[in-house]
2 protein chains.
Amino acid sequence: MNLQQLHHFVALADTRSFSRASEVVHVTQSALSRSIQMLEQELGMPLVDRIGKSNELTPLGTQVLARARHIVQEAAELRRAATLMAGGAAGTIALGMGSAPGALFAAPLMTHLLRSHPQVQLRLLGGAPELQIAQLRARQADGLVITYRALPPVDDLQFEVLPALRSGFVCRTRHPLAQRPRLRFEDLRAYPLVCTQVSDDAARTLIERYGERAHPQPWIQAASEDVGALLRTVAATDAVFLGVVAAARAQLAEGGLHELMPTPDAKLQAQFAFVTLKGRAESPALQVVRDFCRSLVRDALAGQIPPP
Amino acid sequence: MNLQQLHHFVALADTRSFSRASEVVHVTQSALSRSIQMLEQELGMPLVDRIGKSNELTPLGTQVLARARHIVQEAAELRRAATLMAGGAAGTIALGMGSAPGALFAAPLMTHLLRSHPQVQLRLLGGAPELQIAQLRARQADGLVITYRALPPVDDLQFEVLPALRSGFVCRTRHPLAQRPRLRFEDLRAYPLVCTQVSDDAARTLIERYGERAHPQPWIQAASEDVGALLRTVAATDAVFLGVVAAARAQLAEGGLHELMPTPDAKLQAQFAFVTLKGRAESPALQVVRDFCRSLVRDALAGQIPPP
DNA sequence: GAGGGTTACGCATCTCGTAAGGATG
DNA sequence: CATCCTTACGAGATGCGTAACCCTC
């Protein structure tokens, strides 16, 4: 007994004719006849009474038909679901996301999936990097988008490093410092700072470059994961935003915001990585996510105002 | 995609090992490996991540597993149900039964099925012979057990004539006529008659043999399909039972009842037939029914007191 | 090197399409 | 005689087991 035979039988029952059924399932009438015969032989009883024109199901045939129809239908659904998933058009993916990349990726990613892949369900997981890696190993997460430095050099993970994005300071165009030709760090330090969580690594870089006064801890006036809120705050006050410059791309382009470039250059970089478990097959939907994140970074880089 | 592959995959998912799964489904490990590969190829994605020891399902694999398990299970049920039906151990049969044969067969048949084939559901249909034949043609009945003469000589029906059973008169042992050496019909006629419905044919035979006075119509005191009740009545009164002698076999054997044989012999016969639709496959459960009816008639004949 | 999965090869079986052979109306 | 189903036959596809190979522990 195989799915083919069941499919043939269902067609036969539907058409009540070997020849018409054979057209439906695209085999010769002879092949269909044998297929049914084999099925009958295996089940031990005829399923149809062959009567000239309009064959009739036997009692057994009637019983078998209901089950066969069900099985054939479920097989078709399995095929369909698998094809959808394999094509990345459907599926559920759990994505661990660090707070820094989340600030840049989360909203655009969700928007993109809702628009272009409505069948894909996305669940974003937060938490500390170690926790997220544990979730990845436990397969509670399909992949992570996380700050590259936060990752220990283990070999059961597969890293796909995204291009580094420049971080920097952003203020509103009407900010007192906005028109200043040569900007010193001390000038900047006079204004309150708003940003997402600053990593230890980034804090170290700031201190190395600008001295102890650059330590973000006492400097930060407001911190939030909501980059949009931060930028709106900056647009309305004299606070300065510190973070991935590309996140403010739109406002920078339309002139509402302005990037401050103190001398010397901070040369801050945000480098994100896409992390999966080595040796595991990737959900196609996850590939969609990864591709989108990559293209987002690429676009950010392309539109990024180059350092002086 | 075929049932074999799905079965293999379920085993693989259950054992998390190609080699152990191959033992479960009784193929070599190599064959199972290829089977899974073919399935993965068709679905377009890996279903399991091969990791040294304890393989893991991919996200797609997890989805597919649930559906595959369902399909495999239903296929097994189909096979099981078909085998049961083909073996006659299960199924539902609708059996048209004439009142005369019903009087003899109904109770023993139901008893037999309940005891020996509890999975077989029996539905007995009554009604006029023409109606029953119509039901048979409409496949509302799987078969008929009916008085042979009641049947028109049509060629879309398949008759299986059962051996003729002798009909005759039965009274209680203590009946005034019981010890009478030579019995005339007129003696018999003096006592009330109880019987099941007497067919026109039987009535004609009686009249031909014994004259107009033998017409059953004015003679019958009580008529019922319940042969048991008729016989109990006869055992308690001086009424005489007319019908298939074999129906009273037990009581005749144990001495409670007595067969009356008037001179000349009535030579009444009840001939039943098992009728099915020509060219239609027979429900195996129906064969059980037919076999039982045949054996019942055979036993009745074997135990039948031969005519003098 | 031992265990577990994959690949190569030869063989048996299956299934198909073509074509011829009944049956039925 | 036309339609419909079955049977015969040869070709190609499929699936299997054996055995060799590969990878990881």
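If you're wondering where the values come from, they're calculated on a predicted model, not measured in any experiment. Letters A, B, ... are given to chains in the order of the sequence lines, protein chains preceding strands, and every chain is numbered from 1.
Here the P atom of nucleotide dG5(C) and the CG atom of Asp49(B) are 13 Å apart, to the nearest Å. Atoms CD (Glu40(B)) and C1' (dT6(C)) sit 12 Å apart, rounded to a whole Å. One atom, CD of Gln41(A), and another, P of dT15(C), lie 11 Å apart when rounded to the nearest Å. Leu47(A) has its CG atom 12 Å from the P atom of dT6(D), to the nearest Å. Across the protein-nucleic acid pair, Arg16(A) atom CZ and dC5(D) atom C1' stand 17 Å apart, rounded to whole Å. Atom CG of Asn55(A) and atom C1' of dT6(D) are 12 Å apart (whole Å). The distance from atom CZ of Arg50(A) to atom C1' of dT3(D) is 17 Å, rounded to the nearest whole Å. One atom, CD1 of Ile36(A), and another, C1' of dC16(C), lie 15 Å apart when rounded to the nearest Å.
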Contacts under 3.5 Å, N or O only, protein and nucleotides 22-25 of chain D:
none

All N/O pairs under 3.5 Å across the protein-nucleotides 14-18 of chain D interface:
{"unit_1": "dG15(D)", "atom_1": "OP1", "unit_2": "Asn2(B)", "atom_2": "ND2", "d": "3.4"}
{"unit_1": "dC16(D)", "atom_1": "OP1", "unit_2": "Gln4(B)", "atom_2": "NE2", "d": "3.3"}
{"unit_1": "dC16(D)", "atom_1": "N4", "unit_2": "Arg34(B)", "atom_2": "NH1", "d": "3.1"}
{"unit_1": "dG17(D)", "atom_1": "OP2", "unit_2": "Thr28(B)", "atom_2": "N", "d": "2.9"}
{"unit_1": "dG17(D)", "atom_1": "OP2", "unit_2": "Thr28(B)", "atom_2": "OG1", "d": "3.0"}
{"unit_1": "dG17(D)", "atom_1": "N7", "unit_2": "Arg34(B)", "atom_2": "NH2", "d": "3.1"}
{"unit_1": "dG17(D)", "atom_1": "O6", "unit_2": "Arg34(B)", "atom_2": "NH1", "d": "2.6"}
{"unit_1": "dT18(D)", "atom_1": "O4", "unit_2": "Ser30(B)", "atom_2": "OG", "d": "3.2"}

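Side-chain atoms of Ser30(A) and Arg34(A) form a donor-acceptor pair, as typed in the model, at a separation below 3.5 Å. Between the side chains of Ser19(B) and Ser17(B), at least one donor N or O sits under 3.5 Å from an acceptor N or O. For Ser33(B) and Gln37(B), the side-chain atoms include at least one donor-acceptor pair closer than 3.5 Å. Using a 3.5 Å distance cut-off with no hydrogens or angles, the side chains of Arg280(A) and Thr276(A) do not pair a donor with an acceptor.
By the 4.0 Å N-to-carboxylate-O rule, Arg16(B) lies too far from Glu56(B) to be salt-bridged with it.
Below 30°, between 30° and 60°, or above 60°: for His70(B) and His70(A) the angle between ring planes is above 60°, a perpendicular geometry.
Between Ser22(A) and the phosphate of dG17(C), there is no side-chain N or O to OP1/OP2 separation shorter than 4.0 Å.
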Exercise for review: Any chance you could lay out the ring-ring contact (aromatic ring centres under 6.0 Å, His included) test for Phe272(A) and Phe105(A), step after step, and finish with the verdict?
Suggested key: CA-CA 11 Å; Phe272(A) 303 137; Phe105(A) 294 132; 5.7 Å; yes

Check your understanding: When you look at Thr147(A) and Gln271(A), which way does the side-chain contact (heavy atoms from CB on, under 4.5 Å) test go after all the steps?
Key -> CA-CA 6 Å; Thr147(A) 304; Gln271(A) 184 147 38; over 6 Å; no

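Every residue two or more places apart in sequence or in another chain was checked for a side chain to side chain donor-acceptor pair (under 3.5 Å) with Thr58(B), and none qualifies.
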